[in-house]
Protein chains: 2
Amino acid sequence: MRNNTIGSLIWLRLMRFTNQSNQMSNEFLKRFDLTTAQFDVLMQIRIYQPLTQMELAEKVTVTQGGISRMLSRLEKEGYIVRKQDWKTKTINLSAKTEAILDQVMPEQLAFQSSFFDDVLNEEEQQILYTLMTRVHKHSQKKELPPK
Amino acid sequence: MRNNTIGSLIWLRLMRFTNQSNQMSNEFLKRFDLTTAQFDVLMQIRIYQPLTQMELAEKVTVTQGGISRMLSRLEKEGYIVRKQDWKTKTINLSAKTEAILDQVMPEQLAFQSSFFDDVLNEEEQQILYTLMTRVHKHSQKKELPPK
DNA sequence: TTTTGTAACTTGACTAGTCAAATGATAATG
DNA sequence: CATTATCATTTGACTAGTCAAGTTACAAAA
């Protein structure tokens, strides 16, 4: 009954870990009045602005609908500015958000890193990164099995 | 501006990968009329039944409120049975669900494994599992930094 | 036996997301 | 110029989750 493959064990570990660390990250970011999801999209906008909703959706792997809802929350709170530009909407950070991110980013990156720094040395982190990169890249070109 | 640590790069990879593979898993499970989240809790119930809602919440790392909502959906669909038993509610799978899981489980485990089998050999998977186990276990006893 | 506690579960208001149908903005054609 | 097409975004109905306040089920003390 317990015919778990090594792959399925890895899968479960990854799911539980990301779930858990996501919750902890939310708690950490509470002091800046941000959620992990919001921080994620704000960072992507900062790096790639100006960009369209489609491009952004792609970067954070959510659907069109998902990004639309997220952005209207962020706009309502004044974090971002959207303007109709030809058929598409162009997204930019508001000035206040640039300032907020300058402060939050180093803290959040340090927080994320601490999950690994505390238990893995430099070399082990490099190995983990390499393995996960291969797995992730492969998953992106994976096809659903038929039937 | 791109002062990404190796840890923050790993973090992002893990988030994107789990997010993506979760979506693919949802699509895969559609043929059985299940979601990934539902499959996860049904599997935990199968392994540990009978159990209480608190115990289950702990196993799948969601809150009391979250498990309550999930279970009432599952109960409405006839996948599980809850009965009041002293102060707590005891959860069991319905007979039909045991049968469904017998069929779904091997397929889903194979699907999960395929993410890793396709690109990592046995030894690499073992390494990945070991590293992630250390990272995960550590995160469970981690404290939020003060301030 | 009414009051008082307490542990387990539920619920209201919310974020975050999905899918698929509807709407908006612009272009191209009859 | 009105009609049709096309692509981007929005929206309705839903799953899945959070937090914190509210119930429920039982126990023990007054």
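Remember, predicted model here, so these are calculated numbers, not experimental data. In the text below, chain A, chain B and the rest are named by the order of the sequence lines, each starting its count at 1.
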Provide, to the nearest angstrom, the distance between the [atom1] atom belonging to [X] and the [atom2] atom belonging to [N].
X: A/Leu71; N: D/dT9; atom1: CG; atom2: P; result: 9 Å
X: A/Asp40; N: C/dG17; atom1: CG; atom2: C1'; result: 13 Å
X: B/Met54; N: C/dA7; atom1: CE; atom2: C1'; result: 8 Å
X: B/Arg82; N: D/dT24; atom1: CZ; atom2: P; result: 15 Å
X: B/Ile67; N: D/dG17; atom1: CD1; atom2: P; result: 7 Å
X: A/Met24; N: D/dT18; atom1: CE; atom2: C1'; result: 16 Å
X: B/Gln84; N: D/dC26; atom1: CD; atom2: C1'; result: 10 Å
X: B/Asn26; N: D/dG17; atom1: CG; atom2: C1'; result: 14 Å

Original post:
Between the side chain of B/Ser94 and the main-chain N/O of B/Tyr79, is any donor-acceptor distance below 3.5 Å?
Top reply: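 Yes; judged by distance alone, with no hydrogens or angles, the pair exists.
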**OP:** First locate atom CD of A/Gln20, then atom OG of B/Ser139, and finally report the distance between them rounded to the nearest 0.5 Å.
**Re:**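 Result: 4.0 Å between the selected atoms.
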**OP:** Drop me the distance from A/Ile91's CD1 to A/Gln44's CD, to the nearest 0.5 angstrom.
**Re:**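 Separation between the atoms: 11.5 Å.
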**OP:** Nearest-nucleotide wise, let me know which of B/Gln53 and A/Met70 is further upstream toward the 5' end of DNA chain C.
**Re:**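 This one resolves to B/Gln53.
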Does the side chain of [X] get closer than 4.0 angstrom to OP1 or OP2 of [N] through an N or O atom?
X: B/Thr88; N: C/dA8; result: no
X: A/Lys89; N: D/dT10; result: yes
X: A/Gln38; N: C/dA16; result: yes
X: A/Trp86; N: D/dC7; result: no
X: B/Thr63; N: D/dT18; result: yes
X: B/Gln64; N: D/dT18; result: no

Original post:
Counting side-chain heavy atoms from CB outward, which of D/dT18, D/dT11, C/dG17 is closest to B/Val62?
Top reply: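 Of the candidates, D/dT18 comes closest.
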Original post:
Where the side chain of A/Ala37 is concerned, which of C/dG17, D/dA8, D/dC19 is the nearest nucleotide?
Top reply: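 Nearest nucleotide to the side chain: C/dG17.
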Original post:
Taking the nucleotide of DNA chain D with the closest heavy atom to each, which residue, B/Arg73 or A/Lys87, is nearer the 5' end?
Top reply: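 So the residue in question is A/Lys87.
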Original post:
Is there a side chain to side chain donor-acceptor pair (under 3.5 Å) between B/Arg82 and B/Gln53 once you walk through the steps?
Top reply: CA-CA 9 Å; B/Arg82 281 190 284 187; B/Gln53 297 197 183; 2.7 Å; yes
Subject >> hbond_proxy A/Arg69 side chain to D/dT9 base (donor-acceptor, 3.5 Å cutoff) >> reply: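 When only heavy-atom distances are counted, A/Arg69 does not reach the base of D/dT9 through any donor-acceptor pair under 3.5 Å.
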Original post:
What class does the angle between the rings of A/Phe111 and A/Phe28 fall in, given that below 30° is parallel, 30 to 60° is tilted and above 60° is perpendicular?
Top reply: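 Rings of A/Phe111 and A/Phe28: parallel, as their planes differ by under 30°.
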Original post:
So what does B/Thr35 hit on the nucleic acid, given a heavy-atom distance under 4.0 Å: a base, only sugar-phosphate, or nothing?
Top reply: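 Sugar-phosphate contact only - B/Thr35 comes under 4.0 Å of backbone atoms but never of a base.
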